Amino acid sequence: MAARRGLTQMKSKDGRGRDLALKLYNTLTRQKAEFEPIDRKNVRMYVCGPTVYDYAHIGNARPVIVFDVLFRLLRYVFGKEHVTYVRNITDVDDKINARAARDYPDLPLNDAIRKVTEATEKQFHEDIAALGVLPPTYEPRATEYIRRDDSRETMVSLIETLVRRGNAYVAEDHVLFDVASMPDYGRLSNRSLDEMEAGARVEVAPYKKGPMDFVLWKPSKPGEPAWPSPCGIAAPGRPGWHIECSAMAGALLGPEFDIHGGGIDLTFPHHENEIAQSRCAHGTPVMANVWMHNGFLQVEGEKMSKSLGNFVTIHELLTDGWPGEVLRFNMLRTHYRQPIDWTKKGLEESQKILSGWFSQSALDTNGQTDLSPAFIEALEDDLNTPKAIAELHGFAALKDGKRLGAALGFLGFDGATLRKATERAAETAQSVAFKVEPLISARLEARKRKDFAESDRIRDELAKMGISLKDSKNKETGEIETTWEVAR
Ligand SMILES: [Zn+2]
């Protein structure tokens, strides 16, 4: 205890010898409080990663970007080598199985699954690299933590412990978590078991003791991915989703760690169930001290869904020519706990702001000694990126390129994707001009000989290419001149 108190008094200093006070909002306590890690030499954070069966959409990008900024801040506050960040890859899931069967009907299911997960994982890494996201310390795949040869925690070992401790039971080749065995189940999402049971309208499987009991392990049909089952169950099977994160977090961060993050939609049931599994298996009062959740993302004022046709993937936005940094900046203009409305207008504004800053002067984005205290304070206030960005506007207005560059670099911007996009746009313009200009000359010729059918035909042809024309008379020569532009 004495050692803990000693640590608490030892304030961290930044490069200017300033005391640091990081405050984070905790979903578990519904309060913003000063953050004190369990061990300052090893600050530990877990964030739920993607299920790899499809392109990541822009809503998936939000926690990846938000917790990347937190990772950078923690490394700044506690030292680069003193932060461990785990973001998993879920590569075993019924959605993956369904996608594999649909896309590769002629392959054995397990081969098809490997094709889907490998391609999707590669795409995910390319997408988020373009968003300026640092690799986490560990990026475990769920299938590596079902069973292992070493002594690390696994899904199977966790499940067996839960059954032994009376928190889970075997029924019809399934293992289920017995929520009634945990007195404060529902604390994170702030609901009582009675409320949840009353609200459970889904048909309850006959082998469940209680309607809210959830699957830790289930049998696999022949041909489906399968591993030897725990608890003496003869039929091979596979894990439920929630147990994956408990096992990976336990194996890499230990029974209790500092921060657990994810999207707000994961609070219930996923995070509630992670907590139930980990705490009951480890006999600890918490799984993580601080639970952080980013808000929802809407597109042009509507919930994103495939049926509405407004499902936007990171890949599409990048392919459309939006620089990754513009996507990242657009995300950070809204505080992470607020809902965000993702609009084209917002992206255009973000691009304008960011391009303006990077064209102002050659910015040194590596200069950490030029970091402004007010900028860091904004981030330390529960990751208040809008306030931090307001500071950036201030530096730009004062033409303080040093502070602007340092702050941009801190947030993960170096201007590289902006420059690349500008070059690409110039190349496109050049190749368009190469095709367009002969057509414009031909059209002017046609007009001179009053062949209006031909000149209209050429105008339509250009319109199909997305080129709009503007004719005007040269005041000195009296000649008709045509200018053109590409309609975005
Ligand atoms: Zn998770």
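All values reported here derive from a predicted model rather than from experimental measurement. Counting starts at 1 for both ligands and their atoms, following the listed order.
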Legend entry - Residue pair Q277 / N273, side-chain donor-acceptor N/O under 3.5 Å: no
Legend entry - Those residues that, when tested against R72, pass side chain to side chain contact (heavy atoms under 4.5 Å, CB included) (two or more places apart): D68, L134, R328
Legend entry - Atoms named by residue and atom, protein N, O or S, within reach of the Zn ion (ligand 1) (under 2.8 Å): C48 SG, C245 SG, H270 NE2, E274 OE2
Inset, instruction - Mind checking side-chain hydrogen bond (donor to acceptor under 3.5 Å, both in side chains) for R44 and listing every partner two or more places apart, or none if nothing turns up? - result: none
Inset, instruction - Report the relative orientation of the aromatic rings in Y207 and H174; use parallel for angles under 30°, tilted for 30 to 60°, perpendicular for over 60°. - result: parallel
Inset, instruction - Tell me yes or no: between the side chains of T365 and D414, is some donor less than 3.5 Å from an acceptor? - result: no
Legend entry - Listed partners of R191 passing salt bridge (charged side-chain N to carboxylate O under 4.0 Å, His left out), at least two apart: none
